[in-house]
J.: 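Let me give you the structure first, and then I'll get to my questions.
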Amino acid sequence: MLIGLILFPLIFSLMIFILPKNLTKYATIFYSVFSLSWMGMVVKNISSWTNPFFTENYVFSSNLPSSLLLVLDGISLIPILLTQLLIALILWMLLANQKEDKSTYSLIALMHFGLNGVFLCADALGFYIFWEVTLIPIYFICAIWGEGKRMPITLKFFLYTFIGSLCMLVSFLYLYQIQPEGGNFSIANIFNVDMSATARFLVALGIFIGLAVKIPIFGFHNWQADTYTSAPFYGSMLLAGIMLKMGLYGMYRWLSPVFAGPLCCDLQWYIIILCIIGVVYGAIIAITQTDLKRILAFSSFSHVGLIAAGIMTFSHSGWQGGLLQMFVHGLNIVGLFYIVNLIEQKYGSRDLNKLGGIATQNKWLAIYGMILVLGTTALPLTNGFPGEFLLLKSMFEYQFLTALFAGTTIIWCAVYMLRLYQKVFFGEESKLVLSGDSSLSSIEHFILIIFVLGVLVLGIFPQLILGLSESTVLNYLTQK
Amino acid sequence: MEKYFYLVILFPLIGFLVNGLLGSKMKGTTPGLIGTVAVFIPFLIALGVFFNYGHESQPILQNYFPWINIFDFQANFSILIDPLSLQMTLIITGIGSLIHLYSIGYMHDDEGFARFFSYLNLFIFSMLLLVLGSNLLILFIGWEGVGLCSYLLIGFWYKNEDYGYAARKAFVMNRIGDLGLIAGIVLLWSYFKTIEFQAMAIHAANVDMSDPVIIIATLCLFIGAIGKSAQIPLYTWLPDAMAGPTPVSALIHAATMVTAGIYLLVRAHFLFDLAPSVLNLVSYVGIATSIFAAIIALRQNDIKKVLAYSTVSQLGLMFVALGVGAYTTAMFHVTTHAFFKALLFLGAGSVIHALHGEQDIRNMGGLKNEIKSTYWVFLIGTLAICGIFPLSGMFSKDEILTVLFEKSKGLWALSLFSSLLTAVYMFRLLFLTFFGTYRDDEHKKSKIHESPMVMMAPLWVLAILSVFGGILNLPHLIGGESYGKMAHFLDPIFSHSKLATEHMDAGLEIGLMALVVGLVVIIGFVLYNIYVKKESLPKPDMSLRGVEALVANKFGVDELYDTVISKPVLGISRFFGQKVESAFDGISGFFFVAGFKSIGNSLRKIQNGNVEFYLILMTGSIVVLMILQFLIKI
């Protein structure tokens with residue numbers, strides 16, 4: 001079952017190179033539908049919601065301390081669902097844009113392979129390998145199809161994440177090395193060790209740095225805005241929609257167990273502080289940016305900080321809110337990047353000062369945009385609210401004043417998001433908008449409607465996502 | 001009847017969807033009719049439930065589905081039908097229907113006709129959720145929902161950048177209050193482990209007075225109320241909100257949405273009763289806002305701005321009443337205020353419609369002969385808000401003043417002052433608009449026309465309500481056996497309340513009433529003398545000096561906020577975005593570029609091609625590794 005989620009993307013990625021060019025389109029459609037239905041089958045086969053739902057272990061050699069151990073429980077189910085959904089949507093967007101390069105599709109499938117591996121693999125070494133695999137396709141996507149000063153920017157991104165990952169690897173190796181004879185990298189064993197408070201602190205720090213760069217947390221974020229801006233739209237989507245969820249997911253699975261024992265200093269508190277500095281810092285920067293993609297980059301930075309802070313409270317509402325918000329943020333940010341991409345395609349710019357009045361020219365794009373903007377601003381009955389409320393709740397219960405500081409995000413977000421909307425869609429039509437092409441094809445409508453439905457349905461029924469992880473999270477936190 | 005109550009919420013939602021999705025394809029006034037019917041049917045249903053609802057009836061809780069349901073937080077999607085929510089529902093759908101009907105005439109040639117009605121329906125839907133929600137989180141859905149509709153409707157003419165700015169200002173200032181509300185909800189959850197109003201009320205009976213958590217929580221709720229009901233310091237968005245079409249000002253920014261803050265405090269009265277210090281703060285903020293806004297209204301020349309500041313001022317009075325625990329009195333004023341302020345705004349709309357968009361009262365005058373019908377309804381509205389016997393405003397205001405006279409003479413004197421200011425700016429507005437002679441050019445005068453029937457009919461209904469609204473809650477003195485109907489209806493809600501109001505001496509009550517009415521009449525005559533007999537006009541803005549200029553400029557609060565908040569935030573944003581980010585760039589650049597270069601340079605020297613050196617390095621390394629191995633084992 002689970003191995004299919006890892007194998008099929010890999011097979012497709014190789015196959016696309018062999019197939020003739022004119023079949024790429026059909027192969028991609030087949031692949032996206034197939035992977036979605038495979039996911040549907042996996043979910044349908046979940047018989048009991050006590051964890052884990054599925055465990056599969058593939059041993060390559062009994063001499064290795066590591067095996068391909070795949071686990072699906074409530075915590076991995078949500079990012080896995082998100083990945084299948086977004087990869088399919090991104091592939092459809094590329095088809096709608098008539099992108100012809102075979103290698104793009106192949107690289108995205110390779111990315112898909114790595115992402116599914118990261119979210120499923122419960123073996124520290126395997127997790128690390130999948131983690132690094134995802135870096136290869138995204139590097140090429142940004143470096144080949146990016147814009148502006150893409151080479152130095154991509155190199156910066158690569159170095160940041162790679163150095164972060166190495167810190168994480170060192171922590172894992174140390175954890176393995178201090179185990180008694182016959183130990184291995186499986187998640188059950190690797191954290192089951194005695195450590196001094198100092199060693200525990202250093203291990204936690206190493207893992208945290210690896211995750212913090214990906215998320216990114218304040219202080220580790222310098223690569224983000226540049227990379228999002230210069231990457232092609234599907235690169236930004238992969239980065240913001242799914243890749244940063246790797247870091248958040250890692251906090252649940254690989255960072256929180258380290259905190260089970262005593263640490264030599266209050267790392268939890270320092271991490272939360274960094275997270276919420278990012279929340280406010282990112283939001284404030286977003287207020288004066290003029291490049292649509294940069295605004296989304298800083299907005300994403302701000303929102304993700306709140307998710308990370310909520311997770312770090314190790315409370316039930318923080319964890320549940322975090323999982324819900326991971327899903328929702330992925331959906332909304334990809335939807336917004338798609339709208340930015342459509343605007344850039346149709347009107348030739350994504351500069352706020354050159355746009356305006358699109359609502360008069362393209363009513364439906366304005367409506368879809370409004371709904372996604374409201375989702376991001378966390379208006380109740382849109383998908384952004386339940387998660388943000390639960391995260392804020394966990395923060396308020398953790399420390400009231402800190403939470404009040406982080407909570408200002410709902411004000412800042414309204415400021416920059418409504419400014420963005422005003423400058424792009426309202427006002428008099430700008431020259432570019434008047435001369436642009438203001439139609440939407442039916443496939444564009446179709447893709448946008450999926451996002452809009454996601455915003456509304458999950459806003460009214462957040463239980464659809466919360467219910468998936470409830471028992472897992474409850475188990476996980478009561479065991480600790 | 002009660003089991004169909006969900007239709008009350010559903011109809012406006014359907015109206016919103018139909019008009020929003022299909023409205024642009026419909027012809028003529030169809031979207032307007034759909035929108036009006038979608039609000040009028042809920043009104044009829046609510047009316048039916050109201051007549052079934054006796055004094056002994058139990059509140060009805062209707063549970064639809066669990067909205068958020070996790071281990072340490074639960075909120076159901078459910079509504080609570082009790083006297084308070086029923087009364088608010090009647091106001092919202094009743095006045096809402098009238099304003100929808102009026103809008104068919106007012107907006108008839110606007111290209112966004114269908115869009116306008118879809119937004120209005122969405123507003124009614126949100127507002128109903130706000131008042132009907134059985135817990136704080138459903139209330140919060142409505143709370144933010146009305147904020148959104150207010151944003152959409154203020155910026156309805158979206159091509160105008162200034163309107164867009166006013167709309168964003170309203171939304172952002174509301175959001176500041178909303179953060180307080182969220183904090184309050186979380187605190188109350190942690191304290192009671194429920195946010196259902198009924199359950200909290202039961203638990204609250206066992207809580208000590210001035211419990212610190214309750215104090216902070218009620219303070220947070222009050223911050224939310226300040227944002228929504230435009231009190232100091234978050235009031236500046238309301239006057240700017242007048243950028244929206246006039247029916248919006250009447251419905252959202254006078255009759256319903258801005259009273260949400262009052263509703264919240266009344267709904268959560270069992271908490272506020274436990275926090276006397278917060279209640280004191282409520283009355284201080286209320287009285288300060290009431291006087292401050294009334295003073296500003298004295299010098300405004302835009303017909304809608306005067307009414308906007310008047311609304312802020314009246315809301316302030318309601319908060320004063322809440323602050324002394326006179327909850328039914330505040331609700332009474334909410335109701336009568338909804339009647340006469342909606343009337344005044346729609347009347348102003350009729351004036352603006354007649355003058356083809358003119359809003360400056362310096363360019364009006366003498367209109368009572370041109371648009372007679374509008375003049376009469378506006379006159380009724382003015383007399384009602386000023387508190388002339390026996391119109392509705394007199395009864396509700398008199399009740400507030402009577403209660404205050406008992407509780408605190410200081411607050412009574414200040415509120416009396418504020419009520420007299422009301423009379424001053426309202427008579428000034430009335431005389432400058434309708435009396436004297438027309439001051440703009442003759443060409444425009446010939447084009448003045450009375451509004452159509454579809455606009456005048458709702459105005460007359462509201463005028464009748466403004467006249468007779470006082471019957472809803474007559475004082476004992478006048479009503480005899482049928483006194484205080486509204487208070488009796490609302491009574492079950494406050495049965496736990498520890499601060500009930502008693503009756504006072506009849507002679508004193510008559511004296512107070514006569515004093516207020518007498519003073520208002522005197523003010524009326526004095527202003528008639530100034531503005532009609534002597535025909536003195538407001539001076540042009542340029543010639544104002546000193547205090548007058550300060551008042552005309554709204555005490556410069558907007559400019560103050562701009563200098564103290566907006567500009568610094570933008571400055572910080574640029575500082576972070578440019579300076580701090582490039583500092584981060586510098587640091588990472590140093591590590592990645594300079595760092596690697598220097599490491600590379602120093603390591604290059606090892607690679608010197610000397611085999612002997614390589615051998616030494618190799619053996620040396622092995623020795624070091626062995627020593628390390630040895631040390632680690634121990």
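The structure presented is a predicted model; accordingly, all values stated were derived computationally and were not measured. In what follows, every chain begins at residue 1, and chains take the letters A, B, ... in the order their sequences are listed.
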J.: Side chains of B/Glu581 and A/Tyr281 only: does a donor on one sit below 3.5 Å from an acceptor on the other?
T.: yes
J.: If you count heavy-atom pairs within less than 4.5 Å of chain A, which of B/Asn174, B/Leu148, B/Ile182, B/Val186 leads?
T.: B/Val186
J.: Sort B/Tyr163 into side chain, backbone, both or neither according to what part of it lies under 4.5 angstrom from a heavy atom of chain A.
T.: neither
J.: Tell me, for A/Leu474 versus chain B, whether the close heavy atoms (under 4.5 Å) come from the side chain, the backbone, both or neither.
T.: side chain
J.: Are any non-hydrogen side-chain atoms of B/Trp189 and A/Glu397 less than 4.5 angstrom apart?
T.: yes
J.: What distance do B/Glu111 atom CD and A/Thr360 atom OG1 have between them, rounded to the nearest 0.5 Å?
T.: 8.0 Å
J.: I'd like to verify something: which residue of B/Tyr165, B/Phe73, B/Phe171 has the highest number of heavy-atom pairs under 4.5 Å with chain A?
T.: B/Phe73
J.: Aromatic contact between B/Phe584 and A/Phe218, with the criterion being ring centroids under 6.0 Å apart: yes or no?
T.: yes
J.: Test side chain to side chain contact (heavy atoms under 4.5 Å, CB included) on B/Lys159 and A/Glu429 and set out the steps.
T.: CA-CA 8 Å; B/Lys159 288 191 177 182; A/Glu429 295 110 301; 3.9 Å; yes
J.: With chain B, which of A/Leu379, A/Ile287, A/Asp226, A/Leu392 has the greatest number of heavy-atom pairs at distances under 4.5 Å?
T.: A/Leu379
J.: With a 4.5 Å cut-off on heavy-atom pairs, point out which of A/Gly407, A/Gly427, A/Ala414 contacts chain B the most.
T.: A/Gly427
J.: What part of A/Ile163 gets within 4.5 angstrom of chain B, counting heavy atoms only: side chain, backbone, both, or neither?
T.: side chain
J.: Taking atom CG of A/Leu404 and atom CG of B/Leu179, what is their separation to the nearest 0.5 Å?
T.: 5.5 Å
J.: Going from CH2 on B/Trp157 to CZ on A/Phe426, what distance comes out if it is rounded to the nearest 0.5 angstrom?
T.: 14.0 Å
J.: Is the distance between the ring centroids of B/Phe140 and A/Phe389 under 6.0 Å?
T.: no
J.: Which answer fits A/Ile460, side chain, backbone, both or neither, if we ask what part of it has an atom under 4.5 Å from a heavy atom of chain B?
T.: both
J.: Please tell me whether B/Tyr158 and A/Phe425 form a close aromatic pair, meaning their ring centres lie under 6.0 Å apart.
T.: no
J.: Quick one: what part of A/Lys423 sits under 4.5 Å from any heavy atom of chain B, side chain, backbone, both or neither?
T.: neither
J.: Heavy-atom distance under 4.5 Å to chain B: side chain of A/Leu324, backbone, both or neither?
T.: neither
J.: Give the minimum heavy-atom separation between B/Phe71 and A/Glu470, together with the two atoms involved.
T.: N-OE2, 2.7 Å
J.: Check for a donor-acceptor pair, side chain of B/Trp67 on one end and backbone N or O of A/Pro462 on the other, with a separation under 3.5 Å.
T.: no
J.: Heavy atoms, side chains only, cut-off 4.5 Å: are A/Phe400 and B/Leu187 in contact?
T.: yes
J.: Nearest 0.5 angstrom please: B/Arg168 CZ to A/Arg419 CZ, how far?
T.: 8.0 Å
J.: Taking atom types as modelled and ignoring hydrogens, do the side chains of B/Ser190 and A/Lys393 form a donor-acceptor contact shorter than 3.5 angstrom?
T.: no
J.: I want to check something: taking the side chain as every heavy atom from C-beta on, are A/Gln289 and B/Ser573 in contact at a cut-off of under 4.5 Å?
T.: no
J.: For A/Lys149, does the NZ atom have more than 12 heavy-atom neighbours from other residues, nucleotides or ligands under 6.0 Å away?
T.: no
J.: Select one option (side chain, backbone, both, neither) describing which atoms of B/Ile68 are under 4.5 Å from chain A's heavy atoms.
T.: both
J.: Can you tell which part of A/Gln422 gets under 4.5 Å to a heavy atom of chain B, answering side chain, backbone, both or neither?
T.: side chain
J.: Report which part of A/Ser315 has an atom under 4.5 Å of a heavy atom belonging to chain B: side chain, backbone, both, or neither.
T.: neither
J.: Against chain B, work out which of A/Gly357, A/Cys413, A/Ala359 has the most heavy-atom pairs shorter than 4.5 Å and name it.
T.: A/Ala359
J.: Distance from B/Arg175 atom CZ to A/Ile410 atom CD1, nearest 0.5 Å?
T.: 5.0 Å
J.: Does some side-chain heavy atom of B/Asp585 sit less than 4.5 Å from a side-chain heavy atom of A/Asn222?
T.: yes
J.: Tell me, side chain or backbone of A/Trp412 under 4.5 Å from chain B's heavy atoms, or both, or neither?
T.: side chain
J.: Select, from B/Val172, B/Ile141, B/Asp72, the one with the greatest count of heavy-atom pairs under 4.5 Å involving chain A.
T.: B/Asp72
J.: Just verifying a value: how many Å separate B/Phe125 CZ and A/Leu381 CG, rounded to the nearest 0.5 Å?
T.: 6.0 Å
J.: Contact part of A/Thr408 toward chain B, heavy-atom cut-off under 4.5 Å: side chain, backbone, both or neither?
T.: both
J.: What part of B/Phe575 lies closer than 4.5 angstrom to a heavy atom of chain A: side chain, backbone, both or neither?
T.: neither
J.: Identify which part of B/Ile587 has an atom lying under 4.5 Å from any heavy atom of chain A, answering side chain, backbone, both or neither.
T.: neither
J.: Using non-hydrogen atoms only, which part of A/Gln463 is less than 4.5 Å away from chain B: side chain, backbone, both, or neither?
T.: both
J.: Could you look at B/Ser126 and say if it's the side chain, the backbone, both or neither that has a heavy atom under 4.5 Å from chain A?
T.: neither
J.: Answer yes or no: are there more than 12 heavy-atom neighbours, outside B/Lys169 itself, under 6.0 Å from its atom NZ?
T.: yes
J.: For B/Arg574 and A/Thr288, which heavy atoms make the closest approach, and how far apart are they?
T.: N-OG1, 3.9 Å
